[in-house]
Amino acid sequence: QVQLVESGGGLVQAGGSLRLSCAASGRTFSTYAMGWFRQGPGNQREFVAGISWDGGRTNYADSVKGRFTISRDIAKNTMYLQMNSLKPEDTAVYYCAGDTVRNYGTGMSRRIEDYNYWGQGTQVTVSS
């Protein structure tokens, strides 16, 4: 059974930092693009960041560019999202996702429908 499990969420004050992890099990994602999405209260799920199969290319939503960094450890089958300078508007449930349809994916897609594996989400709350 393929699973993506997020961890690292929590409550932090504005200006603080958190590091999210996404551990994959049941199959390797080493040749597939992955990404982070989030869904805030009353909002639709939105793209946050994407990373290519080898980690060489990254892609960010304008709202997080310069504050968030996506990375992956292929050997550990794990992806990360380092979030700095957090703002109250970053409050959301954060989901990791994998695209195993396209081999050697670039991670450039921002479309939910392009990702076929999803984690259960981890809550990030930023207080003002």
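As a basis for the values below, the full set of heavy atoms in this structure was taken, side chains included, without hydrogen atoms, waters or symmetry mates.
- Using a 4.5 Å cut-off between side-chain heavy atoms of Ile, Leu, Val, Met, Phe, Trp and Tyr, W53 falls into a hydrophobic cluster with Y104.
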Evaluation steps, ring pair (Phe, Tyr, Trp, His ring centres under 6.0 Å), between Y117 and Y32: CA-CA 11 Å; Y117 282 105; Y32 301 109; 8.9 Å; no
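- A donor-acceptor pair is defined here as one N or O able to donate and one able to accept, closer than 3.5 Å; no such pair exists between the side chain of R57 and the backbone of G105.
- Residues L11 and S127 come closest through the heavy atom pair CD1-CB, 4.4 Å.
- Listed here is the closest heavy atom pair of D54 and I74: CA-CD1, 3.9 Å.
- Side-chain atoms of R110 come within 3.5 Å of backbone N or O of Y60 as a donor-acceptor pair.
- The cluster map of Ile, Leu, Val, Met, Phe, Trp and Tyr, joined by side-chain heavy atoms under 4.5 Å apart, puts M34 and Y115 in different clusters.
- The hydrophobic cluster containing Y94 also contains L18, counting ILVMFWY residues as joined when their side-chain heavy atoms lie under 4.5 angstrom apart, directly or transitively.
- Between the CG atom of N43 and the CZ atom of R38 there is a distance of 9.0 Å, given to the nearest 0.5 Å.
- Using a 4.5 Å heavy-atom cutoff, the side chains of R27 and T100 are in contact.
- A distance-only check finds no donor-acceptor pair linking the side chain of W118 to the backbone of L4 [under 3.5 Å].
- Put simply, the side chain of E6 gets close to the backbone of G121: a donor and an acceptor are under 3.5 Å apart.
- Under the 3.5 Å distance criterion, the side-chain polar atoms of Q120 are left unmatched by any main-chain donor or acceptor of V5.
- Taken from CZ in R72 to OG in S21, the straight-line distance is 13.5 Å, to the nearest 0.5 Å.
- Linking ILVMFWY residues whenever their side-chain heavy atoms come closer than 4.5 Å, directly or via other members, leaves Y95 and W36 in distinct clusters.
- To the nearest 0.5 Å, atom CE of residue M108 and atom CZ of residue F47 are 7.5 Å apart.
- No side-chain N or O of T78 forms a donor-acceptor pair with one of D73 less than 3.5 Å apart.
- Under the 4.5 Å side-chain criterion, counting only non-hydrogen atoms from C-beta, T69 is not in contact with L81.
- To the nearest 0.5 angstrom, S63 atom OG is 7.5 Å from F68 atom CZ.
- The heavy-atom pair separating D90 from R67 by the smallest distance is OD2-NH1, 2.7 Å.
- Using modelled atom types, no side-chain atom of N77 and backbone atom of A23 make a donor-acceptor pair closer than 3.5 Å.
- With values rounded to the nearest 0.5 angstrom, T91 atom OG1 is found 7.0 Å from Q123 atom CD.
- Scanning both residues, V64 and V48, for their nearest heavy atoms gives CG2-O, 3.6 Å.
- Legend: residues meeting side-chain hydrogen bond (donor to acceptor under 3.5 Å, both in side chains) with S17, ordered by chain and number and at least two apart, are N84.
- Rounding to the nearest 0.5 Å places CD1 of I112 at 7.5 Å from CD of Q39.
- The shortest distance between side-chain heavy atoms of M79 and F29 does not fall below 4.5 Å.
- When atom types are taken as modelled, the side chain of T122 and the backbone of G9 share a donor-acceptor pair closer than 3.5 angstrom.
- Residues V126 and K87 are not in side-chain contact: their nearest non-hydrogen atoms beyond the backbone lie 4.5 Å or more apart.
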